[in-house]
Structures are given as C-alpha cells and as structure tokens.
Amino acid sequence: MLANRTTLTQFLIEERRRHPDASGDLNALILSVALACKAIGKAVAHGALAGMLGDALSENIQGETQKKLDLLANEVFLRTTEWGGQVAGMVSEEMDAPYPIPAQYPRGKYLLVFDPLDGSSNIDVNVAVGSIFSILRAPSPGADAAAGDFLQPGALQVCAGYAIYGPSTMLVMTVGSGVHGFTLEPQLGEFILTHPALEIPQATQEFAINASNSRFWEPAVKRYVDECLAGKAGARGKDFNMRWIASLVAELHRILMRGGVFLYPRDTKDPGRPGRLRLLYEANPASFIVEQAGGASSSGRERILEVIPAELHQRIGLIFGSREEVERLERYHRDVSPREYDAPLFAVRGLFRATNPG
Ligand code: MN
Ligand code: MN
C-alpha cells in the first residue's frame, strides 16, 4: 500500500534535510496540527452519531453563534499543540484574546493562529468543512507571546495549511516551497502525499461569490461579475460558471484543484466591517497557499500578504485564485470610479433606464 508513497512525516523530514540548521520544532508543530485535524475529521465524520451537531449556547468575539463542533475543534487544536514546547502563544477565531501556554509547558519559537472549524454552518447539512492555520515566528522565542506579536504581515508566515473534511480528509500545506496535498489513509491514520506541487491554472472560467450581497458591492466588483454573467456575448467573450460553498477552505481547495477565482470583497453592507473574512487566520494562510501555487491574492487594492494587521480578529476583503482574474479585478479597482460604472440593468442599455431616468 505504501509502495512509492510518501507520508507527511517523511515529506517533512526530507524538507528539513534541505535546511541543515532547522531544529525540527516546525515539523513537530506541523505534525501536532495534523493530529488535531485527524481528530476533528473523525468527529466531523461521525456527524449526528457523535451528538456534536447544532449550536453551543455561546457567541465568539465576532458575535457569531458558536457550534458545538467549533468549540470541540478549538479544544482539540489547543490540547494537541500546547504541550510540545514549539509555540509561544496561539490565536483562534474562537477566543477573544491570545491563548497563553499553560505554566507547566515550555514556550517555543513559533506562533500558531487558526480557524479550527471553517464553514461550520455547513456541518448540520453534511457539506464539507475544514480547518485552516498559519505559523509565524515568535518575536521573543521562549517567552509568552504578547498580542502585538501576532500582528505580522502574511509574507512572514513560515507555514500555512488547511484540512478539508470532505468525502476524503485532506491536508494541504506550504512551508514556502510549493503547495502539497496529502490524503488521509483512514486505516493507517496517516496523511499520504497524493497531490505534490499543486499549480493553480492562470486562466479560468469559474468564479465564486455570494451574489445575495450584490447590492452592496463596489463598482469594480459589479463590473467584473456583470462581465462574467454576460458570457460569450459580453466583454469577456466566454461563458463562466459560478460556484458557492460558503466555506473558505472548500472554495480554496476547489480553486487549487481546478482553478477559479473567489471573491468575498469589501462591500457597503456594514460600514464598520471592511470585509468578511479574517486576515490572520483565513486570508493570510489562504493567500500564502495561493501564491505558492502560482495564483494571486488581493484585497482588490493591495496584495493580502503585505497588509500589516492592526487587530487580531481584523477582517478584510479577499479576492484570490487564478492570476489573470485577480489582476483584472485589481485593475478594475484602480480604474473604475464609483460614478463611472452602473450595473447594466440600470445603464443606458438596461431594462429600467426608460422608467428610471434618475
Ligand atoms: Mn472561517
Ligand atoms: Mn470557524
């Protein structure tokens, strides 16, 4: 069964041999995260049988109702990674403040940030969910991390990855030398390298956006989506497909597998929130992975990996995927002033112009 197959452990050890100065702490941390993902995947797979579906009686810092599995997944991440001496602190979607490493364990040289269960509203309907994480260097190795230590631009990540709990469980990650996908062999409990050196196709005919927010979109995004919808007869001269799974991890995975562009752009729905997704533990790891696979990732205005975070749970508009599409969207953000573009339905050629001249 293992003939010509590489396990995650073997892959990490071979990577490390190319960096003779590496201590092995990063590998140990990644393997602990992989164990967390296996445990979460098992709980997810048991579904209703595990008694873990439904809401917990609490909200997270973002004011979102927490699912029982959100809290379980968070506990699993903490318990598998806190003891090993590799981390100096952790930040999670499910905790307001950084998690301090318990007194009895040594502090390490890395920071771990994660969304322990992404797309958790999919859980109750048995649709794919995931976990996503990012590893940074601790500015003060061996000491407790302060909140400010986590506010590093994504370009400084040393590792980013996600697990997707779908028909099969996969772990996909980068340590800065390409993106590699591993599939869980459930009987062995081992992640096996099945998708080495993933590359996102440069061009695509598939986009993903929550169209129910279209009335709040900025002009650049409206223009882009209108042109996709216009298909062969429109400015793009080709037909597009649309997808929406409502899980960042699942969207990211599809785009890694076959290309596409994902948009959760900044919009005007809630002026206090410049975007929906969280920079530190969603946008940053997704962007590191996408860039390492040859794609691009942007807020529409700047490269995500260069954004300097101001807050732990900061949100940001996120556009990533096939390079040509992301570059086009950046161009539209630069070019289109809010007055220059009206959605076609309301423009000169549009349906409502005659009755609605204003
Ligand atoms: Mn999430
Ligand atoms: Mn989550």
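The first residue in the sequence is number 1, and the count goes up from there. Atoms within a ligand are numbered from 1 in the order they appear, just like the ligands themselves. Basis for what follows: all heavy atoms, side chains included, without hydrogens, waters or symmetry-related copies.
Using modelled atom types, one side-chain atom of S247 and one backbone atom of A250 make a donor-acceptor pair closer than 3.5 Å.
The name of the N, O or S atom in E282 nearest to the Mn ion (ligand 1) is OE2.
Ring geometry for W244 versus F262: interplanar angle under 30°, hence parallel rather than tilted (30 to 60°). Between F133 and F77, the ring-plane angle classifies as tilted under the 30° and 60° cut-offs.
In the hydrophobic clustering, where aliphatic and aromatic side chains (Ile, Leu, Val, Met, Phe, Trp, Tyr) are joined below 4.5 Å either directly or transitively, I13 stands alone.
Between the side chains of Q202 and S322, not a single donor N or O lies within less than 3.5 Å of an accepting N or O.
Two residues are said to be in side-chain contact when any heavy atoms from C-beta on lie closer than 4.5 Å; M170 and L184 fail this criterion.
Here the protein contributes E93 OE1, D115 OD1, L117 O as N, O or S atoms under 2.8 Å from the Mn ion (ligand 2).
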